[in-house]
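See structure below.
First the proteins, then the strands, lettered A, B, ... as listed; each starts at 1. What you see below is based on every heavy atom in this structure, not just the backbone, and it leaves out hydrogens, waters and symmetry mates.
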Amino acid sequence: MGGYLGVVLLDQVSKRYGRGPWVLRDLTLEVSGLTVLSGANGTGKSTLLKIAAGVLRPTSGRVERPASVGYVPERFPSDVKMSASSYLAHMGRVRGTEVGDVLERLGFVGSMTAPMSELSKGNTQKVALAQALAASDVLVLDEPWTGLDPSAAAELVSLLEGRTALVSDHEGHLASATRVDLAGGHVTIELSRVSAPDALEVLEGVRSVQARGSSVRVVVAPERSDQVLAEALRLGCSVRSVR
Amino acid sequence: MIALVRYLAVDVLRGQRYLAPLLVFLGVMGMLFASDAGQPLEAYSGSSALLYPIAAWMAVVVATSEDVVRREITVVNAGGWPRVLTAAALVAVMFAMAMAVLAAVWPVVTNPHPYTAGEFFVGLAAHTGCALLGVGVGLLFARPVLDSIGRTVLAVFSVVVLTYPLGRATPLGWVLDALGHNRVSLSLLGTAAVGVALVAAAVVAGVRRA
């Protein structure tokens with residue numbers, strides 16, 4: 001980890017929205033250098049990136065991050081009335097740093113003074129990247145190659161070299177980066193004779209517990225399904241099905 | 001913080017959604033003071049009652065000027081939700097205060113009754129209190145406290161409409177009662193204090209909800 005300016009540490013991080021299913025459960029991750037998040041749709045990549053950037057608070061767990069974080073969301077809005085130059089100048093002042101020559105390096109060719117709503121998707125993405133890459137410590141990028149032409153995509157790869165960045169990347173642009181795979185899929189266990197659903201809910205790997213008539217449906221991360229099943233039997237539950 | 005306030009204010013002005021509450025405010029002010037509006041303090045009661053819902057509307061415009069995704073970027077660049085929500089509250093208060101000053105000056109220029117400096121400052125205090133109340137109510141029900149603009153509009157509208165019949169039971173009623181009876185009252189400061197407390201509560205609620 002030496003040599004990198006910033007390190008992001010996620011310690012036992014879990015996240016659920018309201019009373020919904022667990023999106024992340026007990027995730028521990030140290031990001032130093034280039035780290036790529038992979039996993040199927042809906043496995044919590046964007047949620048994890050938002051937690052790492054400081055947009056979302058985890059439901060439980062601890063996050064440590066340096067002061068200067070740059071963030072690119074999955075989809076930058078297309079209806080911004082402000083011009084690119086105005087937006088970047090404002091974001092630079094808010095952050096207290098200069099945006100630099102990132103736009104030129106990415107090959108931005110649109111009007112800097114027209115409203116961003118008039119820019120192409122690729123150019124809008126370049127503006128989003130420019131405001132984030134001004135961050136000095138850590139970058140958190142959600143599908144940053146979206147809409148970029150091949151030369152801009154290659155330039156982005158070179159811009160990320162030597163930096164600490166947590167990146168969601170479906171397209172394999174960062175072959176040499178550390179990869180973190182968020183386990184996809186789940187196992188659904190249907191139980192009856194459940195006297196203490198709360199005891200199931202707190203088990204590691206359990207994403208949701210829902211009562212359905214006389215039975216209870218437990219959604220579990222695949223790697224923890226055996227342990228949850230054993231604990232359910234120990235609690236006196238009957239197993240109706242496992243899918 | 002200054003850079004953040006400036007950015008959010010520019011974003012509101014570029015978005016032009018502020019025009020609707022501003023034009024309604026100017027239009028109703030024009031109607032209120034088209035003819036003799038009565039004694040100086042009494043004349044202020046109509047514009048004070050008007051400023052409360054207009055300030056709430058303007059606060060919702062300020063709070064929702066950035067869409068959710070752009071707000072997330074701003075939060076990261078600014079260093080967290082507390083700074084961004086505090087800055088947004090300051091912008092909403094600035095817009096509301098500009099209207100409060102305009103509302104206090106308007107009858108001084110158009111009303112046939114002469115105004116003393118004291119009456120002007122009482123009017124300014126009354127409008128400030130009503131504006132702060134409106135900003136507090138608007139922010140308390142806007143994003144990120146309530147995520148849906150439909151719920152925000154319904155909640156703000158309901159609270160604003162319910163405030164008037166409650167009369168002196170509300171801080172707005174304290175102001176309108178004092179002005180309607182042409183008297184100066186310490187309750188004007190109480191209204192402003194409740195308004196400040198509401199704005200602060202809205203920021204805290206937003207930070208907790210975000």
Checklist entry - What part of A78(B) gets closer than 4.5 Å to chain A, counting heavy atoms only: side chain, backbone, both or neither? => result both
Checklist entry - What part of R6(B) lies closer than 4.5 angstrom to a heavy atom of chain A: side chain, backbone, both or neither? => result both
Next on the checklist: Within the structure provided, determine whether D11(B) and Y87(A) are in side-chain contact (heavy-atom separation under 4.5 Å).
Outcome noted: no
Next on the checklist: Determine whether a donor-acceptor pair (N or O, by modelled atom type, separation under 3.5 Å) exists between the side chain of R95(A) and the backbone of V76(B).
Outcome noted: no
Item to check | Which portion of S86(A) sits near chain B, non-hydrogen atoms under 4.5 angstrom | outcome: side chain
Checklist entry - How far apart are the C-alpha atoms of V69(B) and R75(A), what are their side-chain angles, what is the distance that settles it, and do they pass the side-chain contact (heavy atoms from CB on, under 4.5 Å) test? => result CA-CA 8 Å; V69(B) 175; R75(A) 276 186 294 268; 5.7 Å; no
Checklist entry - Taking D67(B), I2(B), T74(B) one by one, which has the highest count of heavy-atom pairs under 4.5 Å against chain A? => result D67(B)
Checklist entry - Going from CZ on R17(B) to NZ on K81(A), what distance comes out if it is rounded to the nearest 0.5 angstrom? => result 10.0 Å
Checklist entry - Would the number of heavy atoms belonging to other residues, nucleotides or ligands and lying under 6.0 Å from CZ of F121(B) be above 12? => result no
Next on the checklist: Does W81(B) form a side-chain contact (heavy atoms from CB on, under 4.5 Å) with R57(A)? I'd like the steps, not just the answer.
Outcome noted: CA-CA 10 Å; W81(B) 282 97; R57(A) 264 197 307 265; over 6 Å; no
Checklist entry - Are side-chain heavy atoms of Y71(A) and E72(B) found at a separation under 4.5 Å? => result yes
Item to check | Partner chain B: residue of P115(A), A134(A), G96(A), P77(A) with the largest heavy-atom pair count (under 4.5 Å) | outcome: P77(A)
Item to check | NE2 on H90(A) to CG on N77(B), rounded to 0.5 Å | outcome: 13.0 Å
Item to check | Over 12 non-hydrogen atoms of neighbours within 6.0 angstrom of CG in L186(B) | outcome: no
Checklist entry - Should the heavy atoms of other residues, nucleotides or ligands under 6.0 Å from OH of Y164(B) be counted, would the total exceed 12? => result yes
Next on the checklist: Measuring from atom CD of E66(B) to atom CE of M82(A), what distance do you get when rounded to the nearest 0.5 angstrom?
Outcome noted: 8.0 Å
